[in-house]
Structure formats: structure tokens, C-alpha cells
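Quick notes on the structure that follows.
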Amino acid sequence: MSMRWPKVKAMPYKRKLMLFSIVISITPVIIVGFVSSRIAARSIQDQVNLNHRLLLRQIEYKLNQMIENLNIHSISIATSSLVERSVENGPPERTDVNESMELVESLRKQVNYFPNRYEVSIIYKKYDYVYSTAHASTSLADSLFQPILQRTRTDRNSPFLVTPNEMNNQELMFFRPVPIKSFYTNGIVVLRVPVDELIAMIDESMIGADFGSRIVIVDGEGKVFASGSGEEIGAKLTASTDLYRFWQNPGSSNSSRLGGVEYKLSGLKFANRDWTIIAMTPESVLYGKSDRIGQITWTIVALLAAFWTIVALGGSRFLYAPVDRMLRVLLPEYKARKDRRDGLIVLEMLLHDMRREYELLRTKAREWEAPPEEGEPQASDGGPGCVEEGAAARSAKLELAIRHILQCVHGEYDADLQAISRQYDISVPRLSRLFKEKTGEHFSDYLIRERMIKAQEWLAHSNLLIKDIAAQLHYSTVQSFNRTFKQYTGIPPGEYRRLLPDELARGRERNEAQSDAE
């Protein structure tokens, strides 16, 4: 201490007391301020990450839903007898007028039933002809479909998808052969979704996002085929950029600098396609909110530190007052403020002098007194130890009661503390306290946690309806279960199930809808 803090050691006791009082008073305030600012920054980051995850899942779901609808509509068109006859007999311009009008009307109805705007093109390979509901008809050799078909494997009858700008196309294209079991040899139906529809879908998903995030969707070759602004569509990620490296491994958040702006990145790879959705939030927006919260926090910390400094100064004077009074009584010159030495050292010197005088007086007193007679030593009595009877039996009974509660919670997801306490002759408050000591949690918190873990498992891996899950977990109403689940996970059980990306989740939603209809 003397080597590290020589100036502090040389201070008078009064100043040391004041200094340490101030340090002890404001140090917790500063620590709380620092921790609070860090927690605020972390909470904002967690909120951004959560918003990104929800946003990415929502866009993935909508895009998958769009592709599924394209698949359904393409099957409906490809299996239409009008379309099959048209592919066999020739384009509408070369066949009967009534049949042509019927074909055009059938295609128009299909387009109107689709939730998104799209166009239909029918390729007549036998006649080297392309008919479109929105574009002028042309020959296959002069159309943009010819290079796509040349570069795509068509020796099977499965449909395939072409993303925007993949082959100089400006639409999302869905190809299916006609007849549906052929190998792209006779006719082909192509559903064409404009890029504007993809941009609108992303913009719709961005409603409510308050962090200025940007969204891009990248295909397997690193080319952007959809984005919120539409400016990045067609651009290819450069291998030397942070965004390219993040696209290759989007498992965790990262940073990237684009156009002189630092962005915080979050990504999600599609489960069944080689596509990646990337969400980008400007760090200036992210950390701007954090900085404002930090400024408010440190302003409050400064005010509290000033208040506790004043309190510490007054407290140190109050604590030093007894020493000051003793010195004023014992030393007149100290009372007159003529002695400027450290008061505690002066008091210590006075005590040493008083002790020496006391020893001297005691020695003189012994000279006048007769020596005391030596008495008989007293024997000390010892008492027998007491052993608490029945401790082992009571401890075993308590262990059985706690084990009984845990078995009921894990097996039946409920437990009657009143009945168990009567069975083992233990009061409910004591049983609750022992449960807390054994598990580290209150009984109600432990029971809710086990119920919510099981509810998440059933929602993810079973077709149980939400009302059945609530009943099996002993909730009296579905509303009570929904409220507890949302408090535990942050989202309602129905939304939790909808966020699952697999087909099982969508099957569960249909079951829930059918149950509600019934």
C-alpha cells in the first residue's frame, strides 16, 4: 500500500476519511451507470436481431408461398384440356376463333385468381412460336426463352424456376411442360412474375420496421435478384467484400461497409433453395439510439454522483466529529486550531502517554498493597451433548415430498401442494421453501417453465391443436395458456407455430383453421 499509494498514505486521517467516503459513495453509482448503458445497448442490439429474424422468416414464408402458388397455377394451366389441345393444334392465331377466345378467357381467369400479378406465356416448340397474355407474340428463336431452355436441363418433366436477371430476364419465371408428363418436347407454360411484385412483397414485410433496414435476396451464384429498393437487382457480390463473405456464411451477425455506410448484417438461408435473405441496418441508426440512452444514463449518473459526493462529505465530517471533540478536550492548542497535525496521530500519541502513566501509577499502587493470596483453581463443569432425535427420519420425509412434487410436475405437468403437504405432514409454506432450496426456483416458476418447454415441443413436433395443448397442460382456458406462453417466449403460440419454415407448420395451421370453423 505504501509503495502504490504514497500520497494517500501521507494524507491526514480526516482527508482519508473524506476521500474514501466519496469513493465508496460514487463507485456503485458509476458501476450501475456503466452496466445500465451496456445493457441498454445490448437490448437494442437484441431487439434489432429479433426484428431481423422475424422479418427474414416472414419474407421467406411469403416467397415460398408465392412459388407454391405458381406451382399450383402452372399445374392447373398445364392440365387444362384447352391448353393441351392448343399445344397440339397450334397457337391461338392459327386455330378456330371460338377456341382461341375460350383459351384466352381461361388464362385470364387463372391470372385473376392469383394473389400476385403475373403473366402467362405458352411456348409452342413444334410451331416455333410463343404466345403471351401481356406481351406481343413472337417466335421461340427470337424470344428470351430460347437461351434459357438451351442452358437448362429439360430431359425430365419436373418444373424449374429462373430468378430475375439470371439469364437477362426481368421477371421471376416458373416453367412447366405441357402435357404435364412430357419432357419439354411439345409445349411449355411459363408463369412470369414482374420484379415489381417482389419489391412490393419486401416493402410490405418492412412495414413497422423502425431501424431503416434494407433487404436483399441473393441466389446461389451471389447475384441479387430481389431487394426492397430495386436498385441492387442484377448486381453480383464481389468476392473481396464483407457482404460476399457474409453471404457465404450468414450464421451470425456481422458488419459491412457499403457506399461509405457501415451496416449491421443478419442473414437466413432458404431451407429448400440455394437462396439467402440478407437484412442490413445502418450502424448509425442502431448506435444513435444507444448513444442517446447512454447520454441520458450518464447524465443521471453524474447527478447522483454529485448528490452522493455531498452526502459523503457531510458523512465524513460527522464520523470525524468524535475524534475532533476528544482532541479539543484533551489539547487546548488543538481547540484553538494551533495544532495542524493529523488528529488521529495526535490522539494515538495521547493514548500512548496515558497508557504509560497508567502503568506507572499501577506499579506504585502495587508497592502499597499486599500481594494477593493465590486461590484454588475452579473446576469447570461439562454438560453432556444433545443429539436431535428423529433428524434422519424427518430429512428422508422431506426428500420424499420434494421428489413427489417433481414427479407430478414432470409426469402430469401439475402438482397439488396442499395434498402433498397433508400426505407428508408438512406445512405448505415450509414445503414451498424447501422446494426453492432444492431446485433454486419457486414452485410456480418451475411449473411454468416445464409447461412452456413441453408446449414448445408439441407446437414444433406434433399436430395437436392449441386448445388441446392448453388442456393437457392443465390450463382452464386457451386465453390463459396464450397469455402465459407469450410472457415466456415473447410471441403467441399461433405465431410461434407459423414461424416454423417446414410444411408441417403449414399443416398445423390448416388444422387450426378447420377446428375454428367447426
- prompt: Just checking, any donor-acceptor pair under 3.5 angstrom between side chains of Y129 and S137?
  reply: yes
Heavy-atom side-chain contact between N186 and K125 under 4.5 Å: no
query: How about I491 and K486: do any of their side-chain heavy atoms sit closer than 4.5 Å?
result: no
message: Do N71 and F174 make a side-chain contact, defined as non-hydrogen atoms from C-beta onward lying under 4.5 Å apart?
response: yes
- prompt: Taking C-beta and beyond as the side chain, do M452 and T484 meet within less than 4.5 Å on heavy atoms?
  reply: yes
- prompt: Looking only at atom types and distance, does a side-chain atom of D219 sit under 3.5 Å from a main-chain N or O of W275, one as donor and one as acceptor?
  reply: no
message: Between F160 and Y184 (judged by ring centroids, cut-off 6.0 Å), do the two rings come close enough to count as a pair?
response: yes
Rounded distance [0.5 Å steps], CZ in R85 versus CD in E88: 11.5 Å
- prompt: If you draw the axis of the six-membered ring of Y446, does the NZ or CZ of R449 fall within 45° of it and under 6.0 Å from the ring centre?
  reply: yes
- request: Quick one: closest heavy-atom pair of D468 and L464, and the distance?
  value: CB-CD2, 4.5 Å
query: What is the minimum heavy-atom distance between P179 and E84, and which atoms define it?
result: CB-OE2, 4.2 Å
- prompt: Should the ring pair F481 and F485 be called parallel, tilted or perpendicular, given that the plane angle runs from 0 to 90° and is split at 30 and 60?
  reply: tilted
- prompt: E412 versus Q407: any side-chain heavy-atom pair under 4.5 Å?
  reply: no
- prompt: Under the criterion side chain to side chain contact (heavy atoms under 4.5 Å, CB included), which of I217, I215, L243 is the partner of I278?
  reply: L243
- prompt: Is S106 reaching over with its side chain to a backbone N or O of E102, donor-acceptor style, under 3.5 angstrom?
  reply: no
query: Less than 4.5 Å apart, any side-chain heavy atom of V130 and any of D142?
result: no
query: Under 4.5 Å between any side-chain heavy atoms of V120 and H73, yes or no?
result: no
- request: Please round to the nearest 0.5 Å and tell me the distance separating atom OG of S74 and atom CG of L191.
  value: 5.5 Å
message: Between R108 and T133, is there a side-chain heavy-atom distance shorter than 4.5 Å?
response: no
message: When you measure from the side chain of R214 to the backbone of A279, do you find a donor-acceptor pair of N or O atoms at a distance under 3.5 Å?
response: no
